[in-house]
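Both backbone and side-chain heavy atoms feed into the values below; hydrogens, waters and symmetry mates do not.
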Amino acid sequence: MITRLDTRYTVNTIQTYNFEDSMKVMRDEKCMELGISSLYTFENNRDSYRVARDACVDIMIHYDENKSDPGIDLVGPHDNLADLKLCSGYRYFGIRFLPGYSPAVVRENITDIHGEIVAIDSGHIYDALMDAVCGQETFEGQCREVIKCMGSYGGRDEERIENSQWELARWLMDVIISDRKKHSLAELEQASGYSARYLNKVFQKYTGYTISKFANIMRAQRVGGYLYMCNKRGQAPDYSDIACGLDYTDQAHMIHDFEKHFGMAPMMFYKTYAVAMQ
């Protein structure tokens with residue numbers, strides 16, 4: 001049975017932290033139904049931002065102060081640390097989808113957009129999103145119109161939802177994201193009744209990741225989420241406790257995994273990014 005995705009313990013990686021106080025983020029129950037993790041906006045004054053692995057797809061709409069020269073880009077999941085090139089001097093409105101979720105409205109194969117930025121320059125969704133974002137003066141108004149727009153243009157892909165393979169892929173995503181424990185392939189085999197080879201084949205078809213790689217990305221993101229919560233509560237991070245709670249072999253394993261995904265040690269992340277989010 002498919003469970004509701006729980007993203008409380010995931011973070012939107014360094015891409016989000018770079019925007020600091022200029023960024024507003026909105027989450028809504030309707031967003032979850034449409035496969036949207038969050039909606040955000042920020043004023044950009046840089047050419048690029050450092051991003052880490054996050055398994056998320058974004059639709060990013062940009063426009064200048066006169067709401068002219070607009071554009072829409074589809075930003076694919078990043079498999080490695082990379083620079084996200086943006087237009088300096090523009091305001092951005094972003095639609096971030098749940099990890100592993102490919103937005104049905106753009107009809108792109110998620111495996112083809114890993115590490116890529118694809119311009120969306122035509123079609124009904126282009127015009128509708130432009131009207132939704134550029135036609136509103138407030139972030140709240142933009143969010144309201146964008147959610148309405150996404151709902152009208154097939155936020156729920158009925159063909160995929162009725163497909164048994166898609167259901168299986170979503171179930172696997174739910175299990176990985178919702179549970180702090182890292183499940184072995186043997187456990188997933190037993191729970192689903194399918195072989196590990198078949199599970200990986202289906203999962204990679206719809207997310208572009210193997211189950212193990214996707215799980216490692218989610219676990220590293222949870223570490224970032226815990227660091228943020230520690231900072232918010234005024235607590236020093238207990239790295240041994242974090243490692244134990246997320247089923248790492250030991251603290252050293254957790255630190256090594258985190259550095260591989262974020263390009264810095266957890267303590268540096270805590271001092272640099274978690275503090276900036278407060």
Side-chain angles (χ1 to χ4, degrees), residues 1-10 12 27-38 53-59 74-79 95-116 118 120 123-125 147-222 247:
M1 180 178 179
I2 301 294
T3 59
R4 176 176 289 276
L5 286 169
D6 185 347
T7 57
R8 290 175 298 173
Y9 297 109
T10 63
N12 288 345
R27 293 180 176 84
D28 180 270
E29 285 297 317
K30 183 64 176 177
C31 286
M32 294 291 287
E33 294 178 17
L34 298 171
I36 297 172
S37 170
S38 60
R53 300 177 182 181
D54 59 9
C56 293
V57 174
D58 290 68
I59 292 178
L74 180 68
V75 182
H78 284 73
D79 288 342
I95 306 167
R96 170 161 283 251
F97 292 86
L98 294 166
Y101 194 95
S102 177
V105 291
V106 293
R107 305 294 173 183
E108 294 283 350
N109 187 327
I110 196 168
T111 59
D112 293 335
I113 59 175
H114 272 230
E116 300 291 333
V118 182
I120 305 172
H124 294 303
I125 189 63
I147 292 173
K148 187 187 301 182
C149 170
M150 295 298 286
S152 299
Y153 281 88
R156 289 175 60 86
D157 187 338
E158 297 300 337
E159 291 182 4
R160 290 194 310 189
I161 287 173
E162 292 174 2
N163 184 296
S164 61
Q165 286 192 341
W166 170 243
E167 287 280 3
L168 179 59
R170 289 307 303 169
W171 174 77
L172 289 166
M173 288 181 218
D174 286 355
V175 170
I176 294 169
I177 293 173
S178 301
D179 197 341
R180 289 177 295 174
K181 181 182 184 297
K182 185 176 180 180
H183 295 279
S184 67
L185 281 174
E187 289 175 317
L188 295 174
E189 278 184 318
Q190 185 174 7
S192 66
Y194 294 101
S195 70
R197 182 179 179 181
Y198 182 75
L199 291 177
N200 257 321
K201 180 181 178 180
V202 170
F203 193 78
Q204 197 158 13
K205 174 183 176 181
Y206 287 101
T207 69
Y209 292 101
T210 64
I211 292 171
S212 178
K213 189 171 185 179
F214 185 84
N216 285 338
I217 291 173
M218 292 300 101
R219 191 159 60 157
Q221 287 190 339
R222 283 193 179 92
D247 271 358

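- The aromatic rings of Phe214 and Phe203 sit perpendicular, their planes meeting at an angle over 60°, well past the 30° parallel limit.
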Verdict with reasoning, Asp247 to Arg219, per side-chain contact (heavy atoms from CB on, under 4.5 Å)
CA-CA 9 Å; Asp247 271 358; Arg219 191 159 60 157; 4.2 Å; yes
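- Once rounded to the nearest 0.5 Å, the distance linking OH of Tyr209 with CG of Leu172 reads 16.0 Å.
- Atoms OH and CD, on Tyr194 and Gln165 in that order, are 9.0 Å from each other to the nearest 0.5 Å.
- Closest non-hydrogen pair, His114 versus Gly208, comes out as CE1-O, 3.6 Å.
- The aromatic rings of Trp166 and Tyr101 lie perpendicular to each other, with more than 60° between the two planes, well past the 30° mark.
- Between Gly100 and Thr207, the closest heavy-atom pair is O-CG2, 3.7 Å.
- Atoms CE and CD1, from Met173 and Ile211 in turn, are 10.5 Å apart once rounded to the nearest 0.5 Å.
- Taken to the nearest 0.5 Å, the CG atom of Leu185 stands 13.5 Å off from the CZ atom of Arg197.
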Begin from the C-alpha positions of Cys149 and Ile125 and carry the test side-chain contact (heavy atoms from CB on, under 4.5 Å) through to its verdict.
CA-CA 8 Å; Cys149 170; Ile125 189 63; 4.0 Å; yes
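- One distance of note links CG of Asp58 with OG of Ser37; it measures 9.0 Å at 0.5 Å rounding.
- Contact check for Pro77 versus Val57: side-chain heavy atoms found under the 4.5 Å cut-off.
- Taking both residues in full, the closest heavy atoms of Ile36 and Phe97 are given as CG1-CE2, 3.9 Å, listed atom of the first, atom of the second, then distance.
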Decide side-chain contact (heavy atoms from CB on, under 4.5 Å) for Lys182 and Asn216; before the verdict, give the C-alpha distance in whole Å, the side-chain angles of both, and the deciding distance to 0.1 Å.
CA-CA 9 Å; Lys182 185 176 180 180; Asn216 285 338; 2.6 Å; yes
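- Within the 3.5 Å criterion, the main-chain N or O of Ala196 finds a donor-acceptor partner in the side chain of Glu189.
- Few gaps surround CD on Glu187; more than 12 heavy atoms of other groups in view lie less than 6.0 Å from it.
- Judged by distance alone, with hydrogens and angles left aside, the side-chain atoms of His78 form a donor-acceptor pair with the main-chain N or O of Gly76 at under 3.5 Å.
- Here the straight-line distance linking atom CG of Leu199 with atom OG1 of Thr210 works out to 12.0 Å at 0.5 Å rounding.
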Carefully, step by step, assess Leu98 and Arg170 under the rule side-chain contact (heavy atoms from CB on, under 4.5 Å).
CA-CA 11 Å; Leu98 294 166; Arg170 289 307 303 169; 4.2 Å; yes
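- In this structure the side chain of Asn163 reaches within 4.5 angstrom of the side chain of Tyr206, judged on heavy atoms.
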